[in-house]
Each structure stands twice: as C-alpha cells, then as structure tokens.
Amino acid sequence: MDSYNQTFTGFILLGLFPPSKIGLFLFILIVLIFLTAWIGNLSMILLILLDSHLHTPMYFLLSQLSLIDLNYISTIVPKMVSDFMLGNKYISFIGCGFQIFLFLTFGGAETLLLASMAYDRYVAICFPLHYATHMNKRVCVMMITGAWILGSINSCAHTGYALQIPYCRSRAINHFFCDVPAMLTLACTDTWVYEYTVFVSTILFLVFPFIGIVCSYGHVFLAIYRMHSRAGKKKAYSTCSTHLTVVTFYYAPFAYTYLRPRSLRSPEEDKILAVFYTVLTPMLNPIIYSLRNKEVIGALRRMTHRICFAKI
C-alpha cells in the first residue's frame with residue numbers, strides 16, 4: 001500500500017451507483033435529470049435572450065442562474081456517468097483540482113446570485129416607485145460580476161489548499177466528485193485549521209446570504225399582506241414562493257453538509273445530500289420558474305407561435 005500511495009498521483013472516486021440493478025436504475029435516472037437540466041436551462045437562457053418582454057432585471061438575473069446551473073451540473077455529472085460506463089473511476093490530481101475549482105466557483109456564485117434575486121424582489125414589491133433606480137442595468141451587472149468574482153476568489157483559496165495537502169492514506173475518495181471535506185479524510189496531517197476556514201466560508205457564502213434572503217422576504221410578505229389588490233397579491237405570492245422553493249432546495253442540504261463537524265458526518269449521507277445541490281436543483285430551477293411563472297409561459301407561447309408561423 002505504501003508503494004501504491006507513492007507512485008499513484010491521482011484519486012479514485014468511489015461514486016454514487018452501487019454495482020447492481022439499483023445502480024443501473026440510478027444511473028439512467030441521473031442521465032435523464034442531466035438532459036432535462038440542460039434542455040430546461042438552455043431554453044430559459046434563449047427564451048430570456050430572444051423575448052423582449054423578459055428583458056428586465058429579474059429575468060436577467062434568472063438567465064445568469066440558468067447559466068450557472070448549466071455549468072454546475074456539467075462539472076459533476078459527465079464525469080460520474082463516464083466512470084460508471086467505462087468502469088474507470090480514476091481522476092488525475094490536476095483534474096480533481098480543476099473540478100474542485102469549478103464546483104466551488106459555480107456554487108459560491110449561485111448562493112450570492114440567489115441573494116441578489118431576493119433583493120430584486122424586495123425592491124420591486126416594497127419600493128416599486130424606486131425599482132428602476134435601485135435595480136438598473138448597472139446594478140444588475142455589478143451584482144452578477146461580484147457573485148462570479150467572489151465565488152472565484154473563494155474557490156481559488158480552497159483549491160490551492162486542497163492541492164498542497166499531503167495525502168498519504170488511501171487515494172479512494174468516498175464520493176462521486178472531488179469534494180474537499182471528503183478528501184480531508186485522506187490527509188496525513190492535521191487539517192483542523194482548514195476545517196475552520198471551511199466553516200467560515202460556509203457562514204459567509206451560505207448563512208449570511210440566507211439570512212439576507214429571509215430578511216428580504218420577511219419585508220416582502222409583510223408588504224404583500226398590506227396590498228389591497230387581490231391580483232397583485234396573487235402575482236407577488238407566486239413569484240416569491242417560487243424563489244423560496246429554489247432557495248430551500250439549494251441552501252438547506254448545502255449548509256447542513258458543510259456546517260456539521262467531521263465527527264457527525266457520514267459519506268453515504270453526504271453523497272445523498274450532495275445530489276440535491278449538484279444534480280436536482282439545476283434541473284428543478286428552470287421547471288419551477290417556467291411552470292409557476294405566467295410571464296415565462298407567455299413568452300414560451302409567443303416563441304412557439306413565432307417558430308410555427310415562420311415555418312408556415
């Protein structure tokens with residue numbers, strides 16, 4: 001084993017699928033979810049880009065969410081699928097570092113973008129007369145750019161540390177992607193300092209944005225309650241409940257996974273929770289926003305009618 005660890009420069013991802021009929025069923029299910037996520041998010045991006053009725057700050061942010069989700073799921077699932085099909089679970093040291101960087105960049109950017117979307121709804125409902133001033137194109141671009149930059153900086157810090165840790169135990173990562181906490185169990189040095197930085201990053205990128213979202217929607221629901229227009233109330237509740245559904249699916253398993261100390265974590269539970277924020281959420285986002293949003297459905301009908309009319 002010692003000689004193996006000295007000459008072996010990569011890792012083995014144990015994966016999500018067990019070698020059985022259940023594993024084959026899960027494999028097919030994940031592939032279908034991946035295709036659905038790709039079709040759904042790409043459709044949302046194109047729909048928002050091509051329909052002038054959706055050229056508003058809310059949908060500009062939503063298009064960025066779809067772009068992140070498209071890249072997010074593509075960072076994880078293709079490697080997982082190829083490992084199962086080819087039976088080769090090896091990932092190089094550099095390949096693992098690249099996956100960590102992309103995963104943390106997209107994950108961090110999404111948490112901040114969801115908080116920006118909550119602020120957008122807060123301004124739109126609580127201060128409608130000032131919406132054009134507070135949520136203009138410049139502010140939207142700054143929010144999106146800030147989310148990508150901060151996500152990348154956080155990702156660079158964690159990726160750099162993960163790649164310089166000496167790994168002297170088994171190189172088998174009990175996960176379906178290169179997740180840093182799962183890799184720490186293979187380190188031959190004390191990593192308590194780094195685990196503390198992971199905790200701090202989780203507070204900054206998950207807990208604080210979530211508190212901001214909760215505060216925003218606290219004000220939003222209070223403003224909705226005071227509305228006199230029944231139609232306005234219904235539209236506001238629909239939009240906000242949609243966003244809260246997305247936030248719950250993403251933040252809850254993510255925060256639960258990374259805020260727990262190592263002694264309370266189990267590899268199997270971590271893998272199940274990771275499926276929610278790496279696979280299911282990117283698929284559910286476009287479905288939730290399209291099926292529960294009349295403006296998106298209207299834009300889809302207009303686009304379908306335009307395509308059909310062009311063919312005729």
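Side-chain atoms of Asn154 and Ser201 form a donor-acceptor pair, as typed in the model, at a separation below 3.5 Å.
A cation-pi arrangement is present between Arg260 and Tyr256, with the terminal nitrogen or guanidinium carbon under 6.0 Å from the aromatic centre and inside a 45° cone about the axis.
For the pair His219 (side chain) and Tyr122 (backbone), a donor-acceptor distance under 3.5 Å is absent. Judged by distance alone, the side chain of Ser155 and the main-chain N or O of Phe101 form a donor-acceptor pair under 3.5 Å. Formation of a donor-acceptor pair under 3.5 Å by the Thr111 side chain with backbone atoms of Gly108 is found in this model. The closest donor-acceptor contact from the side chain of Gln99 to the backbone of Thr75 lies under 3.5 Å. Listed for the Thr281 side chain is a donor-acceptor partner under 3.5 Å among the backbone atoms of Phe276. When atom types are taken as modelled, the side chain of Thr191 and the backbone of Ala187 share no donor-acceptor pair closer than 3.5 angstrom. Side-chain atoms of Asn41 come within 3.5 Å of backbone atoms of Pro282 as a donor-acceptor pair (strictly under, hydrogens ignored).
Using bins of under 30°, 30° to 60° and over 60° for the plane-to-plane angle, the ring pair Tyr277/Phe254 lands in the parallel bin. Using bins of under 30°, 30° to 60° and over 60° for the plane-to-plane angle, the ring pair Trp148/Phe106 lands in the perpendicular bin.
For residues 110-159, no pair satisfies disulfide (SG to SG under 2.5 Å), with sequence neighbours left out.
When hydrophobic clusters are built by joining Ile, Leu, Val, Met, Phe, Trp and Tyr residues whose side-chain heavy atoms come closer than 4.5 Å, directly or via intermediates, Phe199 is not grouped with Ile100.
Contacts of Asp83 classified as salt bridge (charged side-chain N to carboxylate O under 4.0 Å, His left out), with partners at least two apart in sequence or in another chain: Lys79. Lys89 pairs by the salt bridge (charged side-chain N to carboxylate O under 4.0 Å, His left out) definition with nothing, not counting sequence neighbours.
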